[in-house]
There are 4 protein chains.
Amino acid sequence: MQVSSLEDVQTSDQMHKAGRPRSEESHRAILDATRRLLTHNSVAKLSVEAIAKKAGVGKTTIYRWWPNKQAVVMDAVFSQPGFHNILPASASSFDGVRAQVDKLMRQLSGKNGRVVAEIIGEAQGDPEALKNLVENFFQDRYNALAGYLEQGKDSGEFPADLDIEAAIDVILGPIVFRLMTGQDFDAAFEENVSLMLRKALAA
Amino acid sequence: MQVSSLEDVQTSDQMHKAGRPRSEESHRAILDATRRLLTHNSVAKLSVEAIAKKAGVGKTTIYRWWPNKQAVVMDAVFSQPGFHNILPASASSFDGVRAQVDKLMRQLSGKNGRVVAEIIGEAQGDPEALKNLVENFFQDRYNALAGYLEQGKDSGEFPADLDIEAAIDVILGPIVFRLMTGQDFDAAFEENVSLMLRKALAA
Amino acid sequence: MQVSSLEDVQTSDQMHKAGRPRSEESHRAILDATRRLLTHNSVAKLSVEAIAKKAGVGKTTIYRWWPNKQAVVMDAVFSQPGFHNILPASASSFDGVRAQVDKLMRQLSGKNGRVVAEIIGEAQGDPEALKNLVENFFQDRYNALAGYLEQGKDSGEFPADLDIEAAIDVILGPIVFRLMTGQDFDAAFEENVSLMLRKALAA
Amino acid sequence: MQVSSLEDVQTSDQMHKAGRPRSEESHRAILDATRRLLTHNSVAKLSVEAIAKKAGVGKTTIYRWWPNKQAVVMDAVFSQPGFHNILPASASSFDGVRAQVDKLMRQLSGKNGRVVAEIIGEAQGDPEALKNLVENFFQDRYNALAGYLEQGKDSGEFPADLDIEAAIDVILGPIVFRLMTGQDFDAAFEENVSLMLRKALAA
DNA sequence: AGGTAACCGAGACGGTACGTCACGTCTTTAC
DNA sequence: GTAAAGACGTGACGTACCGTCTCGGTTACCT
């Protein structure tokens, strides 16, 4: 997988040794074409050949930088600005959790949600892909939540014996569940789940 | 989809008109072969051709009774005895919920879990498949849980304003989440999540 | 290789066991398309994909019956009626040889000659292909010539100690040589070579 | 084509203007690598990329000096010392012809023969390549033979009306024929063919 | 008892996409 | 200006399955 390989290339100014440098134009064109095609097709029906054609790029160029279709799709989707996981400061720890949950639900609304659901789905058959998915998508959310939860345990807002891992399962689970069962996120769901989470995490 | 098509054919004793009757031997052989192959391959790498060969059956016979690979796989997996969802009676409503959760986790342990994860995954690209999945797998669990939750609301064990749908998301979510992120179900997870669910559902 | 596989199928009336029978229409379409394309392209630039497209046939169907492009081309070219090697009766043995030589030169004139030259050329890199080429093209000519030469030895028209194999090399060599060096066959060549052959074979 | 481009560059000592001079080391390395690879692979399976890698040279360097793979191979093979066509003096004209024939057969024995056969083969699809092949390989042999034949005509050893071109076809034909049909050159072939040639050329 | 209808296995069919390979070109830095 | 390095667009390869089709044959019911 190659999420944000852009940075890799530019590490410490000019580390580029010899040979023609990677074409950033092609790189961009590939991810653009992938995103474009995903608005009309499912991941399953998306083909590397179609991406190459749409991007005006050789198939080889795609396979040179990504090992397979899934990797391209993950890169294309997760490198979108909306998917960066920057944490807003919050008054209480639970507000932080809630903000995180809201943000994720917003990210998974509409087309993007379907695509992410398919990405999660396609990764099920391949342990490597699943590992990459966790690293490139879930890890950030996990870390952010873990931060809030630790903070809440320290401040006494959450129980001192709270199991962080299980808490995150309870927080992210409902979202992923709705995503994978094809239901969308409405205000009622958000409100009702939030209510239960508050009680579940209460000290 | 065609889960337990066996029953469909025999409805009201003998209503089949003319022609050679469906071969139950082939039917069984197909599902057996599918299960057998799934212990060595992922759903994605499983091919209808391989099933036909292993079952000693023509490809046509498979396509006559199931519309595609996913349907065969769902049938093969969900028709296993362990996947029947018979509810045990429980003292308290929460115990019922907890029993249901435990059972599901047991069903999704080991190989079966991986296969179900893949089934859920493969269904993401196809709304029809997703609908079938929900009907054939999640609906039963949903109904069972809804029963306990209603009962708990009536008895005052759970809050009177409890939103059933959201509660089920919170109950099933963590399990599906762990399933789809490749983590297995250990005793600690079961215990810690149960603790939080109890608080979340407390009146 | 699969030259005249048509016959193979019809061996002893109806030997067809089970499954959909081979489509003779596709078979014909493939060879036709190949011949058609060879009038505009060299063998090297001919692609199996192009044949499949032009014939309105799946690539798989071609690979099911021929192992590679060369085999298809050989089949397409050598199954043409003009390439059948039926021997005319002759007054003298040398006339038979001469007739055979004339016929071969006629077969290798124009487009067909170029294609055969390419077939011989492409076979050089692959011993298997070379063996097939000899069996499917040269063997017939060899046998026909060997017949005339034996007959001439018996009748005293040719020397009693004539080495058949070497004689055939001397007879066919000049033709193949001109073919492979890109020169065509004119009346002068035919006449002058014939003159020398007559002397070379004289008793 | 660029056979023995070595000479071209060094003409009149030092006439190179500016910039880095051509690397003779690379030039040698390319031809060496080509020869080396040809002992294990057929020309068809030989790739410019493999040559470049084996020679420790950029692909560009190869394409700067030769137009394509065939040209490199021809250069590599025909620039070998054994392929120079120096004529030995002969008592009779036929002995000269025979010596020339023997030499060619020796040159085309073993690995070299296979490679030349492939070179001739690969040239069939491309008129330009065929022209180069004739110029770089056959022309010398043609000229040498034409010399002997003219001399034999003048001296009365050969018929006065002998057609030189046809005679050369008859002389070289059998050798090329055996080469292209995959048979090697044994003493018997050499002797028997020589016998027939002597009769064919007799005055 | 014979007809007929739906089933069955086998396996060929037109397709689509795969991931790989080599082509000949282009674009860097280094000498 | 030439060299090595190596990325680029192109196009074909041979393979794997898809879901459909067409065979010869089999089993049952329904006249």
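Throughout, protein chains are lettered first and strands after them, A, B, ... in sequence-line order, and every chain is numbered starting at 1.
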Of all the heavy-atom pairs spanning [X] and [Y], show the shortest one and how long it is.
X	Y	result
I51(D)	I30(D)	CG2-O, 3.8 Å
M74(B)	N132(B)	CE-O, 3.7 Å
E118(A)	V43(A)	OE1-N, 2.8 Å
D75(A)	S79(A)	O-OG, 2.7 Å

Base of dG14(E) paired with side chain of S26(C) (donor-acceptor, under 3.5 Å): no

Distance-only donor-acceptor test (3.5 Å): side chain K59(D), base dG6(F): no

N/O (side chain, T61(C)) to phosphate O (OP1/OP2, dG14(E)) under 4.0 Å: yes

To the nearest angstrom, how far is [X] atom [atom1] from [N] atom [atom2]?
X	N	atom1	atom2	result
E24(A)	dC8(F)	CD	C1'	14 Å
N68(A)	dA17(E)	CG	P	17 Å
H27(B)	dG9(E)	NE2	C1'	18 Å
W65(C)	dG14(E)	CH2	C1'	15 Å
Y63(A)	dC8(F)	OH	P	16 Å
R64(C)	dA16(F)	CZ	C1'	12 Å
E25(C)	dT22(F)	CD	P	11 Å
W66(D)	dT2(F)	CH2	P	15 Å

R22(C) side-chain proximity, nearest of dG9(E), dC13(E), dT22(F):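 Output: dC13(E).
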
Closest listed nucleotide, where the reference is the side chain of R20(A) and the choices are dT15(F), dG9(E), dA7(F):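 Closest of the options to the side chain of R20(A): dA7(F).
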
Geometric cation-pi criterion R22(A) and W66(A), 6.0 Å radius, 45° cone: yes

Strand-adjacent residues in residues 42-58 of chain C, judged by heavy atoms under 4.0 Å from DNA chain F: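 Result for residues 42-58 of chain C: S47(C), V48(C), E49(C), sorted by number.
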
DNA chain F: 5'-proximal contact among T60(C) and K69(C) (nearest heavy atom): K69(C)

Under 3.5 Å donor-acceptor, R114(D) side chain and Q124(C) backbone: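 Yes, because the side chain of R114(D) sits within donor-acceptor range (under 3.5 Å) of the backbone of Q124(C).
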
Gap between atom CG of L46(D) and atom CG of N41(D) - 0.5 Å precision: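 If we round to the nearest 0.5 Å, N41(D):CG and L46(D):CG are 6.5 Å apart.
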
